[in-house]
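Heads up: the structure comes next, in structure tokens.
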There are 2 protein chains.
Amino acid sequence: MAYKYEFARPALTVDCVVFGLDDEGLKVLLIERALEPFRGRWAIPGGFVRVDESLDDAALRELQEETGLKKVFLEQLCTVGTLDRDPRERVVTVAYYALVRLSNHRVQAATDAREALWFAMDDLPTLAFDHDQILESAYERLQAKVRYQPIGFELLPNKFTLRQLQSMYEIILDRELDKRNFRKKILGMGVLTELDEVEADVAHRAARLYRFNKAEYRRLTKQGFNFEI
Amino acid sequence: MAYKYEFARPALTVDCVVFGLDDEGLKVLLIERALEPFRGRWAIPGGFVRVDESLDDAALRELQEETGLKKVFLEQLCTVGTLDRDPRERVVTVAYYALVRLSNHRVQAATDAREALWFAMDDLPTLAFDHDQILESAYERLQAKVRYQPIGFELLPNKFTLRQLQSMYEIILDRELDKRNFRKKILGMGVLTELDEVEADVAHRAARLYRFNKAEYRRLTKQGFNFEI
DNA sequence: CCAAAAGTGTTTCACGTACACCCATGC
DNA sequence: GCATGGGTGTACGTGAAACACTTTTGG
């Protein structure tokens, strides 16, 4: 008990909702708690902020320690400071959400998490603490933001087909999009680079591959362009 | 020094960017710091979060203590945890922004603030800490959000003319709007109640007064309606 | 009667939406 | 040659944007 303060201080944690996408749909990465409170319950990864690391760094570190994930897209969601959200003591948490390319990443459990597993968004267990609410907020943010910011590409491989891109939006927004209108719109934006490659190992005509052109996106944005699906 | 913890903890504060509107334009409420660090510099109101109050409560309390403001519209902006943002020690702050009806509120200084003053957005002093950045973020949020959420009404009197409403949007968005198109659009939404009153004491034809109909807005929103300017 | 702002409609254009068929490829 | 998904164009309707004059009121 080496640290003393004149006034009581809330503990400060970061928690991170990690979204991933595969053929089955949108997934969330959860860890099984190895310690009390809520031992054995599923939770979103997170942990205490150290006094010598920034909030973003804390979120990245916890993500790596508990799930092995590195270099993911990460964005602050909100900060929750309800009085009784942790039974032990007053804990304020800065919530983040992350988007990862499921195809690229292996996930492992570590430290105080017993196991890390991907759950389908439509088949989630009840979570520890107020993590259900945080997850719900994160999903709402994702649904809203994917429409006017090109963050959806963070869920896809670097090279993708227009079909994959459209499916990603259909899954996240939970509604069908018209194929021709979608292609017209997204290609018309001029932020996709058409590659001299097609997808491999398909039992039908192979689709062309594209890449998101971030530099061009930024250039257009400076000129008043607004991404919108 | 009564409170001891096993690990060092960052201090936790709330800071609040308060926007107000009058004939001259958009204003921000700043306080002059009476204590070190940054003694004598202007800052946005804020202070330490107590261990037994929620974040929102802390923001409301600080606002009242430092400026006398009560019952304002308040929304969380973001949380900043840069390592050296406070020269004394590690301080993480949860930033808020508030919207107040300038016509209704008297402002007073109190506690550790020497003075509270409204500054025009285009004539701001250099602020203490990283408050310039927080203020900038708050302004960007306001500009973005005012377009798709009816928060702009929080800056106007309860009864307002369409001209006042349009001016509010023109000031915040920093561009002119077409009078006829604006009136068509806003009246077409059906969220304004036309009153049997007109403005008083004007040296020309008096304009009709309207009120924002929050209940109707909520009803329409449930049916899929989207507010948008 | 003059100044000042309130109030009001129509036309045009861009963009979103709906919709169906042929083509390329692998097996 | 057949099954599977890739790739393409047009017509229609809705809503945004541009635009100017008459009315009301107070001084």
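Note that these values count all heavy atoms, side chains included, but never hydrogens, waters or copies made by symmetry. Protein chains get the first letters and strands the later ones, always in sequence-line order, with residue 1 at the start of each. Since this is a predicted model, take the numbers as computed values, not measurements.
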When the distance from [atom1] of [X] to [atom2] of [N] is rounded to whole Å, what number comes out?
{"X": "B:D178", "N": "C:dT8", "atom1": "CG", "atom2": "C1'", "result": "12 Å"}
{"X": "A:N181", "N": "D:dT8", "atom1": "CG", "atom2": "P", "result": "14 Å"}
{"X": "A:I186", "N": "C:dC15", "atom1": "CD1", "atom2": "C1'", "result": "16 Å"}
{"X": "B:R163", "N": "C:dT8", "atom1": "CZ", "atom2": "P", "result": "15 Å"}
{"X": "A:K185", "N": "C:dA14", "atom1": "NZ", "atom2": "P", "result": "17 Å"}
{"X": "B:L209", "N": "C:dA6", "atom1": "CG", "atom2": "P", "result": "12 Å"}
{"X": "A:E228", "N": "D:dA16", "atom1": "CD", "atom2": "C1'", "result": "14 Å"}
{"X": "B:F182", "N": "D:dG15", "atom1": "CZ", "atom2": "C1'", "result": "17 Å"}

Side chains of [X] and [Y] in contact at under 4.5 Å (non-hydrogen atoms):
{"X": "A:V191", "Y": "A:P150", "result": "no"}
{"X": "A:Y96", "Y": "A:L55", "result": "yes"}
{"X": "A:D15", "Y": "A:L77", "result": "no"}
{"X": "B:V18", "Y": "B:E66", "result": "no"}

Legend entry - Pair of N/O donor and acceptor under 3.5 Å linking C:dT10 base with B:K184 side chain: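 Counting by modelled atom types and ignoring angles, a donor-acceptor contact under 3.5 Å is found here.
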Inset, instruction - May I ask you to decide whether B:E199 forms a salt bridge with B:R163, counting only side-chain N to carboxylate O separations under 4.0 Å? - result: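 Salt bridge flag = no for B:R163 with B:E199.
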Inset, instruction - Taking only the side-chain nitrogens and oxygens of A:R183, find out if one of them lies under 4.0 Å from OP1 or OP2 of D:dG7. - result: yes
Legend entry - Sole residue of B:R183, B:R208, B:K159 in salt bridge (Lys or Arg N to Asp or Glu O under 4.0 Å) with B:E194: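 With B:E194 as partner, salt bridge (Lys or Arg N to Asp or Glu O under 4.0 Å) holds for just one option, B:R208.
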Legend entry - Nucleic acid contacts of residues 194-203 of chain B, taken as heavy-atom distances under 4.0 Å to DNA chain D: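 Only B:V202, B:A203 qualify.
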Inset, instruction - Give a yes or no answer on whether the side chain of A:E24 reaches the backbone of A:A120 with a donor-acceptor pair at less than 3.5 Å. - result: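 The answer is no, because no donor-acceptor pair under 3.5 Å joins these two groups.
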Inset, instruction - Flag yes if more than 12 heavy atoms outside B:R147 fall under 6.0 Å of its CZ atom; otherwise flag no. - result: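 At most 12 heavy atoms, drawn from other residues, nucleotides or ligands, come within 6.0 Å of this atom.
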Inset, instruction - With the side chain of B:H204 defined as its heavy atoms from C-beta on, choose the nearest nucleotide among D:dT25, D:dG6, C:dT17. - result: D:dT25
Produce the list of close N/O pairs, under 3.5 Å, pairing protein atoms with atoms of nucleotides 20-23 of chain C; give distances to one decimal.
residue: C:dA20; atom: N1; partner: A:R180; partner atom: NH1; Å: 3.2

Legend entry - Straight-line distance of B:T67 OG1 to B:I44 CD1, nearest 0.5 Å: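 Those atoms lie 12.0 Å apart.
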